[in-house]
Amino acid sequence: MRRKSLTETKPDFRKLPQEFYTRDVLDVAPDLIGKNLIVRMNDNTCRSFQLTEVEAYRGEDDKACHASKGRTERTSVMFGIGGHLYVYLIYGMYWMLNIVTGEKDNPQAVLLRGAQGINGPGKLTRELGIDRSFYGENLVTSTRIWLEDSGQRLDYKTGPRIGIDYAGEYWKSVPWRFYI
DNA sequence: TCAGTGATTAGG
DNA sequence: CTAATCACTGAG
């Protein structure tokens with residue numbers, strides 16, 4: 001019987017590499033559909049969540065993107081290289097989990113809106129135990145959160161992004177929401 | 001439809 | 001310091 005290759009036996013052989021994130025957000029966002037988000041819980045067990053819904057926020061021109069108001073302390077991680085987490089609190093209750101993409105000084109991120117069995121970005125982070133402490137986390141080197149290829153390529157739909165009425169007609173209408 | 005909830009931000 | 005805003009959720 002054929003011996004498994006080294007890469008096949010390594011436990012993290014499916015982990016998405018830096019190159020996955022260092023691309024334009026409009027390429028990364030649809031590629032995230034069907035990927036598995038792995039989180040190490042407080043009891044040290046790992047849980048896997050297959051992503052079903054994401055949204056792209058792209059650059060300083062995009063009026064819906066937090067980076068459109070310029071660099072602030074909160075948004076600074078978006079101005080760095082892709083592969084880090086942008087986490088912030090909204091409405092005093094819900095943590096939003098975003099994956100920074102692209103090259104340095106080109107602020108972009110993907111909002112994770114849902115996973116299999118979980119609809120809604122606030123419910124997703126509550127289920128995963130995401131909070132402030134995950135801000136800036138590196139998905140390539142972290143031992144408590146990362147992404148893996150599921151080996152599946154799933155069909156997805158596109159549509160306008162949710163909850164950005166303030167962004168104006170054009171940015172409200174661009175189909176940068178990707179979902180199963 | 002609408003209140004809850006508190007960090008973040010711009011402005012004085 | 002103040003006050004407005006907000007990439008949401010759940011109850012009615």
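Treat the numbers as computed from the prediction; the structure is a model and nothing was measured. Here is the naming used below: chain letters follow the sequence lines, and residue numbers restart at 1 for every chain. Heavy-atom basis, side chains included; hydrogens, waters and symmetry copies ignored.
Of the charged side-chain nitrogens involved, at least one lies within less than 4.0 Å of a carboxylate oxygen, so that A:E127 and A:R47 count as a salt-bridged pair.
If you take CD1 of A:I90 and P of B:dT8, they are 11 Å apart, rounded to a whole angstrom. The CZ-P distance, from A:R161 to C:dC8, rounds to 12 Å in whole Å. Remark: P of C:dC6 and OH of A:Y57 are 12 Å apart, rounded to the nearest angstrom. With rounding to whole Å, A:E73 atom CD is found 13 Å from B:dA7 atom P. In this structure, CG of A:D165 is placed 11 Å from C1' of C:dA7, rounded to the nearest angstrom. Separating the NE2 atom of A:H66 from the P atom of B:dA10 is a distance of 12 Å, rounded to the nearest angstrom. Distance A:R177 CZ to C:dC8 P: 11 Å, rounded to the nearest Å. When the C1' atom of C:dA7 is taken as reference, atom NZ of A:K63 falls 16 Å away, rounded to whole Å.
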Verdict with reasoning, A:S68 to A:E60, per side chain to side chain donor-acceptor pair (under 3.5 Å): CA-CA 4 Å; A:S68 67; A:E60 295 176 90; over 6 Å; no
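Residue whose closest nucleotide on DNA chain B sits further toward the 5' end, between A:T72 and A:Y94: A:Y94.
Cation-pi geometry between A:R23 and A:F20 is met: the NZ or CZ atom falls under 6.0 Å from the ring centre, inside 45° of the normal. Remark: A:R177 is positioned above the aromatic ring of A:Y179, its terminal NZ or CZ atom under 6.0 angstrom from the ring centre and at most 45 degrees off the axis.
Across A:T125, A:I99, A:I130, a single residue satisfies side chain to side chain contact (heavy atoms under 4.5 Å, CB included) together with A:L112, and that is A:I99.
Of all the residues in residues 106-140 of chain A, A:L111, A:R113, A:G120, A:P121, A:G122, A:K123, A:R126 reach under 4.0 Å from DNA chain C with at least one non-hydrogen atom.
When the side-chain nitrogen and oxygen atoms of A:Y166 are compared with OP1 and OP2 of C:dA7, one or more of them lie within a distance under 4.0 Å.
A side-chain donor from one of A:E55 and A:Y57 sits under 3.5 Å from a side-chain acceptor of the other.
Within 4.0 Å of A:R74, counting heavy atoms only, lie sugar-phosphate atoms of the nucleic acid but no base atom. At the heavy-atom level, A:M96 lies under 4.0 Å from the strands shown only through sugar-phosphate atoms.
Within the 6.0 Å centre-distance limit, the rings of A:Y88 and A:H66 are counted as a close aromatic pair.
Ring stacking is absent between A:Y91 and B:dG4, as the pair misses the limits of under 5.5 Å between centres and under 30 degrees between planes.
Across every strand in view, C:dA7 sits unpaired, with no contact that passes the Watson-Crick or G-U test at under 3.5 angstrom.
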